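Heads up: the structure comes next, in structure tokens.
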Protein chains: 2
Amino acid sequence: MPRSADTREIPLYRQLAALYVQAIAAGSLRPGMRMPSVRELCQRHQVSLTTALQVLRHLESQGCVEARERVGYFVREPDGMALPGAREPELLEPLPDDPSVFAGINERISMFLEKARRAGPVPLDLGSAMPAPSLFDARALNRLAQSLLREQPDILVYGPSAPTTHPEFQQAMARHALTFGVCLSPADIGATHGNSEAVTLALDAIAEPGDVIAVESPTFFGILQAIQVRGLRALEIPCSPHTGISLEALELAARNEPRLRGVVVVPHLQMPQGSVMPDAHKERLVALCVEYGLALIEDDIYREFVESPRALRPAKAWDKVGDAGQVIYCASLSKSFAPGLRQGWMSAGRWQARVQMLKFARTRNMQTWSQLLAARSVDSPAYERHMRRMRIQLRLQREQSARAVARYFPVGTRLSLPPGGISLWLELPPDLSSTRLYDQALQCGIRIAPGPMFSNTGRYEHFLRLSCGMPFTPEVEEAYRTLGMLMERQRTELPLRRAA
Amino acid sequence: MPRSADTREIPLYRQLAALYVQAIAAGSLRPGMRMPSVRELCQRHQVSLTTALQVLRHLESQGCVEARERVGYFVREPDGMALPGAREPELLEPLPDDPSVFAGINERISMFLEKARRAGPVPLDLGSAMPAPSLFDARALNRLAQSLLREQPDILVYGPSAPTTHPEFQQAMARHALTFGVCLSPADIGATHGNSEAVTLALDAIAEPGDVIAVESPTFFGILQAIQVRGLRALEIPCSPHTGISLEALELAARNEPRLRGVVVVPHLQMPQGSVMPDAHKERLVALCVEYGLALIEDDIYREFVESPRALRPAKAWDKVGDAGQVIYCASLSKSFAPGLRQGWMSAGRWQARVQMLKFARTRNMQTWSQLLAARSVDSPAYERHMRRMRIQLRLQREQSARAVARYFPVGTRLSLPPGGISLWLELPPDLSSTRLYDQALQCGIRIAPGPMFSNTGRYEHFLRLSCGMPFTPEVEEAYRTLGMLMERQRTELPLRRAA
């Protein structure tokens, strides 16, 4: 539902359409079900015939319903489902670096980011995996902020005191972790600047320059950057788009790579493929890390974006703290509730003391303000309500995006709809280049995240990550159409160039 | 002046005494001047004889005034001035590491910090160089925060966008830099988590593991930590307590140390000695760095704490950006206006692009909230008013602390009152150990910063940093008396132990 502050600007028929779009996403109206008729809509919502008809036509244009002649409108099967699914990786052993590419992962990422910066503000950012601001409960957060300022008027002038993490934050996150089956000692919870700092501190703690860190392939480029700036080497392990990292390939690496110190995984909605690791894999992964003495850096930033009837337990739940404490658990509120706070946290198992020391040496203490706000957010009833709403809205946006891919992208494009999250990972036909598409799209005011950003191996040139973070407006649909056209153009230009 | 919210709890005579204490600190009542008589005080402030007498007796007990029989009360010369001053360093060449000490600087700092943590909240923290929360303008900052939340109700849910630093913050800091004679391009200003992150990013940018960084000796332990966790080696350069780092010794190091990559200086109120580098030294320092290709990391966190009739220009003002951009300028609002925001910034000269990339790889984007609040703070008229008030208050507290040192510490203690700042650096008689004093004081609920925290050379065992950040209450005075007693006890225990 659009927030009430905005409703005055949105035409009535769009508001009503949004209601039905959400009902479809939430599953209360399922594919194949008959929609209310024009007359029924008039009565139900006290609107004119014109408005009621507009509602149904708008839903049709969005691909949510289809008209069957003389019968009425019916909820449509999402098109995205009709696309061929993502393929399993071919190799199940560590992937060789492309030496011509490896040295420059940061330069390459910086190059993409620099191009984006030069292009200035882009009307359509399909490149960053963030939910749009309108998907958050800004009002609830603002209320919490105002009441914190009233209750503790001096909070912004209180400087650092000895412990770097506030006890109220530690307790709130420990309680929060209990809700998904992990029992953490509050004293072992450290606040960080987003989960990026958590992952980089974990890398600092477990490895020395020249050491090797296993990562999923493909993986979030931020992890590759963090590994490189620390002077470490990333070893890419094939990753299933459905079950996550290949444990066989990881074990092979653990046996053969003497400088392997740890592995970074995103167990829930792996970035960019969107896989959710089955519990049995998590258990085996932890056992494997204990056996080979590897640190398991678990980046659990997308857990709450998984659509699942039950709470998913992270690998940390299988970590026997007294025994080893082999898992460094990293999380954040940046994606789920309060992007503007950049409030992350971690619990580093047996590296806890070292992580604390490194944190103090690098960025010292944290805002009390942001920690208390985060603690109270997680504790407030608004939090779960908000997450439920956001999951429904994102599912809708993913499905709308997948439909647009099916409609506008070249035949042969592969996509598995992930069971949650903020983005889609696409495999384009192999003659297309996402690097070129990036440049072309930027000129049209559209930002995407090209495949090569997610690996050192040079393997993902015809892959693409697209954000589903923003509501699927006609402008977003138009952007998908433009991307489709640009890919067609790539194909017509290629033979020409060869002929020249 | 105590803030009005608190006045109800403070007896009238203390309020009036505080007024005169401030007048003395501000110089409107100078040493040797006659104080108003009891009768004059009664008339002037409409108080009883008893209250007026209490005011003068309280001022006397604080060491601010002295009674001359049958004449009246007179403003006293601060006692601190009577102490022998700090000594110039003996050597003017790079100081050799103590190999038994070097390896463990972080472990040693961690050991002190860990002891402090275990001791729990300490009633009297003379260990951290922070102004007390009561010295800040919490009300002005809270008002700014509330109005920002009203004006931009979504500010806490806006996630990162492409540039990591907000343009409004960049412009405000560039304008701010102009007020002290430095012209920076807004685009070259990067927001950081305090100035700690700024300094660590600078180190990341200029050096590789194994490289050497010159530092002042003694220096802030955070700088030594940052150097070590990055795998670099700190080379300590003797530092005058009056003019700062020895340029002769630095040049010697530049000639003889092939892996020397840069130098970190705190030009204004060097930590812990409190020296302010003369302009001529700054100019020569920049020239020297250009000549030898060294990065000059300028940590200017205490500039606004210098009591000076004119704005002090940092070394960055002598940096010819077009030519070299050899100075990496680091600053923060954490000490001066809003400790709770942890808002620092930097301008990295020719390392700017690299610093931006490293920042993005490590902690990604910054809070818009905190950046806008900092930008508006610096732009508000409350800022300069607050800094003037704080400088006066800190001067008073430094003088009161110095008097207490003169009164309670062993003969032979050396101290030069610094021309500003939040702390005093003391040289104790050489038979005393500040490491032992640290342990003993902690047991009495007092935290201090012992000399060995500030060096890898093992040179400062009989040195001590004491914070003057909190108002000089009777409890603080009592802490000084206790420290004096503990030092006496060290002396009486030592011969006993030798006899045993």
Side-chain angles (χ1 to χ4, degrees), chain A residues 106 109-110 113 116-117 121-122 125 128 130-131 133 136-139 141-142 145-146 149 153-163 193-194 196-197 200 204 208-209 222 225-226 228-229 231 334-335 337-342 353 357-358 360-370 373, chain B residues 106 109-110 113 116-117 121-122 125 128 130-131 133 136-139 141-142 145-146 149 153-163 193-194 196-197 200 204 208-209 222 225-226 228-229 231 334-335 337-342 353 357-358 360-370 373:
Chain A
N106 274 315
I109 295 169
S110 298
L113 297 170
R117 199 188 61 77
V122 166
D125 188 359
S128 76
M130 275 300 296
F136 290 92
D137 194 347
R139 200 176 293 180
L141 190 58
N142 198 301
Q146 301 251 20
L149 283 175
D154 292 355
I155 192 167
L156 299 172
V157 302
Y158 262 85
S161 58
H193 296 293
S196 305
E197 191 186 38
T200 52
D204 286 347
E208 294 298 321
Q225 282 186 306
Q228 197 194 336
V229 298
S334 285
K335 301 269 185 188
F337 195 73
L341 292 184
R342 306 271 318 123
M357 186 272 285
L358 290 165
F360 189 72
R362 288 204 64 100
T363 55
R364 292 247 159 331
N365 303 286
M366 303 288 296
Q367 291 182 0
T368 301
W369 157 259
S370 161
L373 210 44
Chain B
N106 275 316
I109 296 169
S110 298
L113 297 171
R117 198 188 62 78
V122 166
D125 187 0
S128 75
M130 275 299 296
F136 291 92
D137 193 346
R139 198 174 296 181
L141 191 56
N142 198 300
Q146 302 250 21
L149 283 175
D154 292 355
I155 192 167
L156 298 172
V157 303
Y158 262 85
S161 57
H193 296 293
S196 304
E197 191 185 38
T200 53
D204 286 348
E208 293 299 321
Q225 282 185 305
Q228 197 193 335
V229 299
S334 285
K335 301 269 183 187
F337 195 73
L341 292 184
R342 306 271 319 122
M357 187 271 285
L358 290 164
F360 189 71
R362 287 203 67 100
T363 56
R364 292 243 154 343
N365 302 288
M366 303 287 296
Q367 291 181 1
T368 300
W369 159 259
S370 162
L373 210 43

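Just so it is clear: chains get the letters A, B, ... in the order the sequence lines come, proteins before strands, and each one is counted from 1. Given the structure is predicted, the values throughout are model-derived calculations rather than measurements.
- Checked against side chain to side chain contact (heavy atoms under 4.5 Å, CB included), A/Ser370 has the following partners two or more places apart in sequence or in another chain: A/Leu341, A/Gln343, A/Gln367, B/Gln367.
- Both the backbone and the side chain of A/Pro153 come within contact range of chain B, each with at least one heavy atom under 4.5 Å from a heavy atom of that chain.
- Both the sub-6.0 Å distance and the 45° axial angle are satisfied by A/Arg364 relative to the ring of A/Phe360.
- Contact of B/Asp204 with chain A is made through the side chain alone, with heavy-atom distances under 4.5 Å.
- Comparing B/Thr363, B/Thr368, B/Thr200, B/Val157 by heavy-atom pairs within less than 4.5 Å of chain A, the highest count is held by B/Val157.
- When each of B/Val122, B/Leu141, B/Leu149 is checked for heavy-atom pairs under 4.5 Å with chain A, B/Leu149 comes out on top.
- Rounded to the nearest 0.5 Å, atoms NE2 (A/His193) and CG (B/Asn365) are 13.0 Å apart.
- Take B/Glu208 and apply the side chain to side chain donor-acceptor pair (under 3.5 Å) test, not counting sequence neighbours, and it matches no residue.
- In this structure, A/Pro131 and A/Phe136 approach most closely via the heavy-atom pair O-CE1, 3.5 Å.
- With a 4.5 angstrom heavy-atom cutoff, B/Ser334 does not touch chain A via any of its atoms.
- Using a 4.5 Å cut-off between heavy atoms, B/Ile155 touches chain A through its backbone atoms (N, CA, C, O) alone.
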